[in-house]
Student: 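Below is the structure I would like to discuss, written out as structure tokens.
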Amino acid sequence: MLRYMTAGESHGRALVTIVEGLPAGVPVDLAAIDRDLARRQSGYGRGGRMKIEQDRVEVLSGIRHGATLGSPVALMVANRDWANWTEVMSPTPVEAYSDVRAAQKLRTRPRPGHADLAGALKYDHADLRNVLERASARETAARVAAGSLAKQFLAPFGIRVAGHVRAIGPVEAADPGELPLEELVARAEASPVRCADPEASARMVAEIDAAKRDGDSLGGVVEVVATGLPPGLGSHVHYDRRLDGALGAALLSIQAAKGVEIGDGFAGARRRGSQVHDEIGWSPERGYFRHSNRAGGLEGGMTNGMDLVVRVAFKPIATLYKPLRSVEVDTHAEAVAGIERSDTCAVPAAAVIAECVTAFELARFVLEKFGGDSLAEALRNYRGYLDRVAQR
């Protein structure tokens, strides 16, 4: 079984990812992982933290001479800002802070929309920092490292995954339609907000500027597209073997994610069946295919051979520089919410995170379907399956 686990706090020493279940022999390009980490840090609307961190991956285990060994892969991304937080985040007891600024980092005013209060009540914490450090979206750097590694596993199967921005606040991009993936990626990566629609991109930048002037924040919608998927990843036989269910759970676990739709999703619920379902065709060149892709490449919990299209809605970031009402957790006195260094808009980064989270789930289902202790064995199984499907 392919799985991963992350560890680390926002201002701790480092973030760590342990990926278990990758077969041996997967070529690994560490520079490609660093590029995805840099993509996560980029995007108009990011805050001051991104000027401090320059994320780079360090391999602790599981990779030798540029290829996986079949054993657990441990990846680390150091927090450069740790140097300013060694007392505050010390794992050993601190009798008194020598740095007067450290005492100011105590957090007792929970932010509406954040994990602060619920986490403090659940784990019986008085200092909200014990919650917010792990709840922070800084943790997604570790997820991007795992997902970037998964993309490298998927590449030999001809599977490509890419994320881009469809909306920021009230500004919506035009539907890319049949735009080839390479061109979609090129346009999105050339945009400061990772949007393939230049006109919408400019309006998104203006919307972010306006929110920043108001001390406010913005959310939005990102879309992930995966090409080259064979039919039959996932299953209809149990709820926990459905690919759509796994994607929904994984994507909704990203910080600030509030909704997921596949294909036409919610819009399809407002139409008649004749306007929703994709008619089926067959040709000697393509085999079975759909004349449209309103289902977003998934039917009955399984891929159907069309491109996967999934969108994720992200709420605005909970830290506001003109904070909302809250209370002090120690006195219950009315107060304004605490302020933690933050972004005005992290939606462009969310597109990269959703891309990597989706890639990991696809890699997990590819391995479930085709197995193999080595990449070569999994590819043999994959090609045999494609040959059988082509004979139908």
Side-chain angles (χ1 to χ4, degrees), residues 147 150-151 153-164 166 173-185 187-188 196 221-237 241-248 250-251 260-312 351 354-370 382-383 385-392:
K151 289 197 293 182
F153 165 74
L154 292 171
F157 295 87
I159 299 171
R160 178 85 188 275
V161 187
H164 64 109
R166 288 293 303 271
D175 188 336
E178 301 297 320
L179 196 67
L181 188 66
E182 292 295 336
E183 187 174 349
L184 176 66
V185 169
R187 291 187 187 183
V221 177
V222 307
E223 182 175 88
V224 180
V225 180
T227 62
L229 296 169
L233 297 181
S235 177
H236 64 283
V237 302
R241 293 181 60 190
R242 297 177 64 98
L243 178 55
D244 47 9
L247 286 170
L251 290 166
V260 172
E261 67 174 0
I262 298 169
D264 282 359
F266 292 105
R270 301 180 179 92
R271 301 171 184 156
R272 293 186 175 187
S274 58
Q275 299 173 306
V276 170
H277 303 301
D278 303 305
E279 294 181 306
I280 298 171
W282 185 91
S283 73
E285 297 77 23
R286 298 177 62 183
Y288 292 106
F289 65 91
R290 303 313 190 270
H291 289 280
S292 56
N293 192 23
R294 302 182 186 110
L298 284 170
E299 292 175 311
M302 299 169 285
T303 53
N304 61 16
M306 301 293 284
D307 292 349
L308 173 71
V309 181
V310 57
R311 283 175 289 277
V312 191
E355 170 188 308
C356 289
V357 166
T358 298
F360 197 92
E361 292 305 304
L362 293 176
R364 187 162 70 86
F365 277 77
V366 166
L367 269 174
E368 179 186 271
K369 173 66 176 167
F370 303 111
Y382 174 68
R383 291 169 186 142
Y385 175 75
L386 291 186
D387 288 343
R388 181 179 67 79
V389 169
Q391 295 170 9
R392 294 293 301 272

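Note that these values count all heavy atoms, side chains included, but never hydrogens, waters or copies made by symmetry.
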Student: Go through the steps to decide whether L308 and T358 satisfy the test side chain to side chain contact (heavy atoms under 4.5 Å, CB included), and finish with yes or no.
Tutor: CA-CA 10 Å; L308 173 71; T358 298; 4.0 Å; yes
Student: Between F370 and L233, is any pair of side-chain heavy atoms under 4.5 Å apart?
Tutor: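 Yes; the side chains approach each other to less than 4.5 Å.
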Student: Would you sort out whether L154 and R160 count as a side chain to side chain contact (heavy atoms under 4.5 Å, CB included), showing the intermediate values?
Tutor: CA-CA 7 Å; L154 292 171; R160 178 85 188 275; over 6 Å; no
Student: Got a second to check how far D264's CG is from H277's NE2, nearest 0.5 Å?
Tutor: 11.0 Å
Student: Please report the shortest heavy-atom distance between I262 and A295, naming the atom on each side.
Tutor: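 Taking I262 first and A295 second, the nearest heavy atoms are CG2-O, 3.5 Å.
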Student: Rounded at 0.5 Å granularity, tell me how far CG in L243 sits from CG in L247.
Tutor: 4.5 Å
Student: Between the main-chain N or O of F157 and the side-chain N or O of Y382, is there a donor-acceptor pair closer than 3.5 Å?
Tutor: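 Indeed, once roles are kept as given, a pair shorter than 3.5 Å links the two residues.
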Student: Over all heavy atoms of both residues, which pair between K151 and A359 is shortest? Give the atoms and the distance, please.
Tutor: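 Smallest heavy-atom distance, with atoms named: CG-CB, 3.4 Å.
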Student: Can you confirm whether L367 sits close enough to F153 that some side-chain heavy atom of one is under 4.5 Å from a side-chain heavy atom of the other?
Tutor: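 Yes, side chains in contact.
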Student: Looking only at heavy atoms, which two atoms of A196 and L184 are closest? And how far apart?
Tutor: CB-CD1, 3.6 Å
Student: Is the shortest distance from a Lys or Arg side-chain nitrogen in E368 or R364 to a carboxylate oxygen in the other one below 4.0 Å?
Tutor: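 A salt bridge is absent here (no side-chain N lies under 4.0 Å from a carboxylate O).
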Student: If you look at every heavy atom in V185 and A162, which pair is closest and at what distance?
Tutor: CG2-CB, 3.5 Å
Student: How long is the span from the CH2 atom in W282 to the CZ atom in R392, to the nearest 0.5 Å?
Tutor: 12.5 Å
Student: Is there a side-chain contact between K369 and P230, using heavy atoms and a 4.5 Å cut-off?
Tutor: no
Student: Can you classify the ring geometry of H291 versus F289 as parallel (below 30°), tilted (30 to 60°) or perpendicular (above 60°)?
Tutor: perpendicular
Student: Within this structure, what is the OG-CZ distance for the pair S235 and R242, rounded to the nearest 0.5 Å?
Tutor: 8.5 Å
Student: For P231 versus Y385, what's the shortest heavy-atom pair and its separation?
Tutor: O-OH, 2.7 Å
Student: Just verifying a value: how many Å separate R294 CZ and Q275 CD, rounded to the nearest 0.5 Å?
Tutor: 7.5 Å
Student: Can you name the nearest heavy-atom pair linking P176 to E223, along with the distance?
Tutor: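 Minimum heavy-atom separation between P176 and E223: CG-OE1, 4.0 Å.
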Student: How many angstroms lie between atom CZ of R290 and atom CD of E279, to the nearest 0.5 angstrom?
Tutor: 11.5 Å
Student: What I'd like to find out is whether the side chain of M306 reaches to under 4.5 Å of the side chain of D278, using heavy atoms alone.
Tutor: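 Result no, sub-4.5 Å side-chain heavy-atom pair not found.
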Student: For the residue pair D307 / T227, report whether a side-chain donor-acceptor contact shorter than 3.5 Å exists.
Tutor: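 Distance-only check fails for T227 and D307.
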